[in-house]
Amino acid sequence: MRRLIVTTIILLAATVFITVVYFKNLNPPGVRNNQVMQSIPDNAVAVFEFNNEKGFYDIFNGNQLLAATVGKQKLSDLDTIRRLLMLSPLSDQFFSGQNVFISVHPSDTGDIGLLVTTTASVGFDPNSFNQITGQSKGALSITINHNAIGPEYDILIKGINKHFYIIKKEDNIFVGSFSKALIDLSALYKSDKSKTIFVPLPDQQNANSLANLYINYGQLSPLFDEVFKNNNTDIFKSFRLLPAVAALSINYKNDALMFNGITSLNNHTYSYLNLFTKQQPVDNRLKDMFPATTAYSICFAVSDPQKFEADLSQWHFKAGVNAEKDKLFRKIKQETGLLLKNEFEPLLSNEFAVVTTRYQEKFAIISVKDGSKLLPLMTNISTMISDGIGQFNYEKIPFFLLGDAFSIFRKPYFMVIDNYLVLAASPSELSSYTDTYINRKFISKTGQYNEFDNLLAERSNVAFFINFKNAQPILKRDLKNPFYDAFENNHPGWKDFYGAAYQFTASDRNFYTNFCMKINNIDTAAFTKKN
């Protein structure tokens, strides 16, 4: 009996040992995504993650999609650092196979800062940077300074005449940047262990992914403040107000950057887009009605319009504007006899959008169930200037009927064309859309748009689209000069892309997310040939 007990204990111990070793090997020392991501300062807007192994670089060798997105010079500088520092015989064995995180940070220097964070396997001595520079045949020189957490390695890359700063943090995490300010921020940054800014992908999904993209929507506004002259630009506005983070995996294509994954909402705060998590995905058809001159748009889709209106009323209450809404609708009732909200809601169909054209026209295009029933309703609350066009007599009606994205239409002109309610700031804009509609001058009638649209999900609840060529006059007006100069002159650059789309599809009270940027057809060869 005693021998049986001893044998059982030995077998149990062996099982525990094998299990520990097995799971330790699944997550080898140095590959610790949670610790690394928590060390990245929380003002990061986005983090691009990939594995530092030859296969990744081979796949993107000669493909300039990343260069067009990040900037050819920035990518070239990062590649120079990789070749001179990480591929050195003194460091390659310690950094090879480790996950690399390149984070994007707002900067007050008129540029966007990049921070590189990774780990080294056990045994790497930071003093090796001295030896690496010594063996670089004059390509590098090094100065060691000291900051709040220890040595700071200031490495001058003579070929590009730039300084690259490196520090080592706890858990064998190494951080580098061309920005001294970002390195200082990283050195002083202490993460709040009780909250997670970025949520890493599950291990299995991460292992099968070529690269990942993490987004912190809460930091989009600070980034936009650095990039745009006007802090109130409406480009991507609804997304910038969303309290959420995303974890997306790349879906590799030669002519497009495509990511998909989950946007996780913060349960403790609320925004307009939260309303759409309570809906079912809807086939996107309203985009077929957008003008060929569309610069950018945001389209909303709801499976249950009446539930959306009920949820919108709750959102107005939480936003503290319910009393103002009730006062407006009481006034309309007193002056027209209409219960506007009650009569409008049954007529609302599944999709409504805000579209901005290259000529800076703005349209609200709202799909309705029966335009012939809606027209007298709109006429009763408006002053008609022609048989088909009138102006609302009351302010903020679109905001209270459809929500925050329609607040720009304070006292708009309107027309009903078939089963669409169209709003704009002037009668001439409505006449322009009438011409578009009658003569079928839709962007969906163009070949490049349809090729781009074929890459997108057919169903969603919120969809943002930008056409870079059509948006160029607006970007020239609104971007700060250095950023517009980069847009105009960088090749490859954002100007080489046809368009981009960002789609949210309701999924378990969060959003399944698709992001796509496609290059122009005429430039395909330029993006695939080697330098």
Side-chain angles (χ1 to χ4, degrees), residues 27-28 30-40 44-72 74-83 86-87 95-105 112-119 173-177 197-217 245-264 455-457 492 494 496-497 500-503 512-519 527-528:
N27 188 20
V31 185
R32 301 180 300 273
N33 287 0
N34 283 321
Q35 291 96 320
V36 176
M37 295 187 75
Q38 286 184 349
S39 75
I40 297 173
V45 181
V47 180
F48 182 71
E49 176 197 7
F50 61 94
N51 191 265
N52 181 39
E53 52 92 19
K54 186 175 181 296
F56 174 83
Y57 301 105
D58 288 344
I59 288 172
F60 282 96
N61 184 28
N63 185 314
Q64 299 186 42
L65 283 169
L66 291 180
T69 309
V70 178
K72 186 176 181 179
K74 276 188 168 64
L75 203 61
S76 176
D77 292 346
L78 290 172
D79 189 58
T80 299
I81 286 294
R82 181 181 74 90
R83 288 186 290 102
M86 299 183 75
L87 290 181
F95 289 101
S96 179
Q98 303 296 324
N99 284 3
V100 178
F101 300 80
I102 300 179
S103 50
V104 179
H105 300 259
I112 296 173
L114 299 180
L115 196 68
V116 182
T117 308
T118 189
T119 54
I173 294 171
F174 287 82
V175 184
S177 180
I197 303 300
F198 294 104
V199 180
L201 290 168
D203 290 342
Q204 184 173 359
Q205 185 178 354
N206 198 325
N208 295 327
S209 175
L210 180 64
N212 304 314
L213 179 66
Y214 303 92
I215 299 170
N216 181 3
Y217 298 92
V245 294
L248 314 175
S249 298
I250 195 170
N251 183 7
Y252 180 75
K253 285 182 66 69
N254 281 334
D255 61 349
L257 278 175
M258 300 179 66
F259 290 86
N260 54 70
I262 295 294
T263 289
S264 302
L455 299 175
L456 308 183
W494 288 66
D496 295 300
F497 285 93
Y502 206 87
Q503 295 175 287
Y512 187 79
T513 305
N514 289 286
F515 169 64
C516 176
M517 286 179 62
K518 185 182 183 302
I519 59 173
F527 277 78
T528 54

Testing the basics here: between [X] and [Y], what is the closest heavy-atom pair and its distance to 0.1 Å?
X	Y	value
D496	P492	OD2-CA, 3.2 Å
F198	I215	CE2-C, 3.7 Å
T263	A246	OG1-CB, 3.5 Å
T513	I262	OG1-C, 4.2 Å

Interatomic distance, [X] atom [atom1] to [Y] atom [atom2] [nearest 0.5 angstrom]:
X	Y	atom1	atom2	value
T119	Q35	OG1	CD	9.0 Å
K518	L455	NZ	CG	6.5 Å
F50	N212	CZ	CG	11.5 Å
N33	F101	CG	CZ	4.0 Å
D255	L65	CG	CG	7.5 Å
R83	L78	CZ	CG	11.5 Å

For [X], which residues count as a side-chain hydrogen bond (donor to acceptor under 3.5 Å, both in side chains) partner, sequence neighbours excluded?
X	result
Y57	N52
S39	none
N34	none

Check your understanding: Under a 4.5 Å cut-off applied to non-hydrogen side-chain atoms, are L114 and V70 in contact?
Key ->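 Answer yes - side chains close enough.
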Check your understanding: How about T69 and F497: do any of their side-chain heavy atoms sit closer than 4.5 Å?
Key ->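 Yes. Closest side-chain heavy atoms under 4.5 Å.
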Point to revise | Pairs where residues 48-68 contributes a residue and the test salt bridge (Lys or Arg N to Asp or Glu O under 4.0 Å) is met, not counting sequence neighbours | key: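 Of all non-adjacent pairs touching residues 48-68, those that pass salt bridge (Lys or Arg N to Asp or Glu O under 4.0 Å) are K54-D58.
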Residues forming a ring-ring contact (aromatic ring centres under 6.0 Å, His included) with [X], sequence neighbours excluded:
X	value
Y512	none
F259	none
Y502	F236, F239, F504, F515

With [X], which residues qualify under side-chain contact (heavy atoms from CB on, under 4.5 Å), at least two apart?
X	result
L115	P41, S103, H105, T117, V175, S177, L182, I183, S186
L210	F56, I59, F60, I250, Y252
N251	M258, N260
A247	L201, Y214

Practice item. Starting from the C-alpha separation in whole Å, work towards a yes-or-no answer on side chain to side chain contact (heavy atoms under 4.5 Å, CB included) for N514 and L456. Key: CA-CA 8 Å; N514 289 286; L456 308 183; over 6 Å; no
Exercise for review: Look at D79 together with R82 and state whether they make a salt bridge at an N to O cut-off of under 4.0 Å.
Suggested key: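 Answer for the salt bridge query: yes.
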